[in-house]
Amino acid sequence: MFSPNFGTGVLMFLLVSSTFVHSSMSEIDAKKRYMREKVRKMFYHAYDNYMAHAFPHDELKPLSKTFTDSLSELGNLNLEHLSEHYNGSALTLIESLSSLVILGNNTEFERAVRWLSENLSFDVDVRTNLFECNIRVLGGLVSAHILATDSRNRLVQGTYKNELLILAEDLGRRFLPAFDTPTGLPYAWINLKYGVMENETTETSTSGCGSLILEMGALSQLTGDPRYESAALRALRKLWSMRSSLNLLGTTLDVATGEWIEYSSGIGAGVDSFYEYLIKAHILFGKEELWRMFQSAYLAVQKYFRHGPWYHEADMRTGKATYWQLTSLQAFWPGVQVLIGDIAAANSSHREFVYVWEKFGVLPERYLLDHQMLHPTEKYYPLRPELAESTFYLYQATKDPWYIEVGKSMVDSLNLYAKVEGGFASIKDVTTMQLEDHQHSFFLAETCKYLYLLFDDSFLVDRNYVFTTEGHPLPVISAWHDRLPENYIPTNGTSIKSEKQAARRSSAMSLQVCPATTLNSGRSSQQVESACHIPDAQSDHRCLTEDECGVDATTCRRRSCSMAGYCGLWLFI
Ligand code: DMJ
């Protein structure tokens, strides 16, 4: 077993916390304003360089000041035709639309909308990844359409004629052939002009076919055409039906047979946004069915993947741990936990990612927890947004100024290590800080956006948005709800009678993962949430001995104290 040692991080956290505790509100506000302007500069450094050197191609290569058409994958296509007629799909511009509105740059937003309306076409012989095209292009267009038509933004001054929605609908239609499989699970790759190519691979990932519902559902709501939502929902339901008896899913599968290919999974690559979309789609569309799926899936994650604040991978059939790895993509998870109110769990897991960030200067793609070393070939950091995203959510939930310090540290590192004359370059190796010639569009869609919103959330005042997995905001409006969601009614002997206890309850979830509530005693009329539940001695689930661990509420199994000092239902390898 392992005992990750991020001790210096702990020390740093304590120092940072204690110095920050003494900052007054006005000092914090001043710092936030200062940091907001720093992030604004970062965004424009990335955006202006993209516009100067790469637009209308997909992404900027900031070291060589050239471009890459990364959304396309050429496959068996007619290259001559492509080189003549395909000039990219202005991916980074589409990805920047909602960030421009959040930064208050209506003029540039309008200019971009005009250019896209007049020039963008999806009638191109390009093989693209359905998931990526959905979250980046469809999501970018749908979100920008909503922002353009929202009178509160005072945009486009009456000249906007739904051009972005027309483009989005055209793209959505081109997605539909991908769903024409015996299972309803979509192919991972689609040719925008010709549909599914001959001999196309039938292998896809869980996130690839389980994270389409937000964008395609929103498209159906906006156009009145139910086909997009139906296709995405059918795929999601099929995927869920393939879960194991432990409520776990694998990472890769075959869309023709509906069989799993890779049985091991976690909360990172290949699966991450599947979980995210269950809860966010429930919030956006009010479907109880999605809530129930999420609830079961979340409990299974907490039970089989969690080890203290870390999450390892496990085999969906047995629940046995497979890989003990901390990956950069997993850092989105605390943000999801904030959405359901599990703030304590979110905070403890987020801290571990911060320690890793502090240890390396940025977040490496993969860290081997059992060997306490970086993955030999995945030492890169492509300026991913997940830690900034979780930091933003946690600050929204707690207003703890420590998260502002975390954001500042991230901004400082990005400027120190990744900023070059031609934009922001990905980091190829976090041990040497050697750079790579790629500025991913998600740096503008997400990393800069979440950092900006951390320091200035005025865009969110009096509004209720769900952010897609690519950071594009979609409004929560009752008109999109099947019906208003039912209030959560605790089941399985779980009920809370006293207001005091209800107030302490941070979420429906925390009731079921051994919450830190006290047991009933004597003749109290309160009901306990489970007949067998014994809380851990410490509310943060830390322990020195076995005696400090209780009995799990859902399984009635005795929890044990891990070598890392956390109570849990550990499965030892
Ligand atoms: C983004 O495209 C999205 O956040 C996606 O869900 C995961 N990967 C990248 C950023 O790391």
Side-chain angles (χ1 to χ4, degrees), residues 46 58-60 68 70-71 73 89 91-92 94-99 128-143 188 204-216 232 236 251 265-281 311 325-336 339 353 356-357 362-367 378-393 410 414 418 424-428 430 436 438-451 453 466-474:
D58 288 342
E59 291 180 315
L60 171 69
T68 168
S70 41
L71 199 67
E73 214 259 18
S89 55
L91 174 65
T92 300
I94 296 170
E95 286 260 73
S96 299
L97 292 170
S98 55
S99 300
T128 189
N129 182 280
L130 179 73
F131 165 79
E132 294 292 351
C133 197
N134 175 63
I135 65 170
R136 299 187 194 215
V137 185
L138 187 62
L141 292 174
V142 164
S143 171
T204 191
S205 65
T206 297
S207 51
C209 54
S211 330
L212 303 157
I213 182 69
L214 284 185
E215 294 81 359
M216 294 185 72
L236 197 54
T251 304
S265 80
I267 55 166
V271 194
D272 46 4
S273 45
F274 160 74
Y275 294 108
E276 184 184 354
Y277 271 35
L278 289 180
I279 183 65
K280 288 186 175 176
Y311 291 83
Q325 302 178 349
L326 181 141
T327 65
S328 178
L329 286 168
Q330 295 172 339
F332 85 104
W333 189 250
V336 165
L339 281 181
F353 286 102
V356 182
W357 180 287
V362 292
L363 213 52
E365 187 71 359
R366 205 175 284 270
Y367 185 86
E378 295 185 39
K379 298 180 182 176
Y380 50 88
Y381 172 61
L383 316 189
R384 289 195 189 282
E386 285 75 10
L387 188 57
E389 178 184 352
S390 288
T391 307
F392 153 72
Y393 278 106
M410 297 180 71
L414 288 167
F424 281 84
S426 298
I427 292 165
K428 197 175 189 172
V430 302
E436 192 186 330
H438 198 163
Q439 178 183 282
H440 291 270
S441 61
F442 55 69
F443 181 68
L444 292 101
E446 293 189 82
T447 313
C448 289
K449 180 184 285 146
Y450 286 124
L451 287 169
L453 286 171
V466 158
F467 286 89
T468 69
T469 192
E470 194 69 4
H472 298 304
L474 298 173

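Read the numbers this way: they start at 1 and go in the same order the structure lists the ligands and their atoms.
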- Task: Apply side chain to side chain donor-acceptor pair (under 3.5 Å) to Ser273 and Ser211, showing your working.
- Result: CA-CA 6 Å; Ser273 45; Ser211 330; 2.9 Å; yes
- Would you check if the side chain of Lys449 reaches a backbone N or O of Gly471 as a donor-acceptor pair within less than 3.5 Å? yes
- Message: Is the shortest side-chain heavy-atom distance between Tyr277 and Glu215 below 4.5 Å?
- Response: yes
- Of Ser143, Ser99, Ser98, which is the lone residue that meets side-chain hydrogen bond (donor to acceptor under 3.5 Å, both in side chains) with His472? Ser98
- Item | Options Ile135, Leu329, Thr468, Thr447, ranked by nearest heavy atom to atom 8 (N) of ligand 1, top entry | Leu329
N or O pair under 3.5 Å between [X] and ligand 1:
X: Thr469; value: yes
X: Ser273; value: no
X: Asp272; value: no

- Note on the structure: For Arg136, the atoms of ligand 1 under 4.0 Å from one of its heavy atoms are 2 (O)
- Item | Ligand-side contact atoms (ligand 1) for residue partner Pro385, heavy atom cut-off under 4.0 Å | 10 (C), 11 (O)
- Query: Quick one: are the ring centres of Tyr381 and Trp357 less than 6.0 Å apart?
  - Reply: yes
- Query: Under a heavy-atom criterion of less than 4.0 Å, does His440 contact ligand 1?
  - Reply: no
- Just need the protein heavy atom nearest to atom 1 (C) of ligand 1, so name the residue and atom and give the distance. Glu470 OE1, 3.0 Å
- Which protein heavy atom lies closest to atom 10 (C) of ligand 1, and at what distance to 0.1 Å? Glu386 OE2, 3.2 Å
- Give the minimum heavy-atom separation between Gly268 and Thr327, together with the two atoms involved. CA-OG1, 4.2 Å
- Message: So, taking the atom named CG in Leu339 and the one named OH in Tyr393, what distance separates them when rounded to the nearest 0.5 Å?
- Response: 5.0 Å
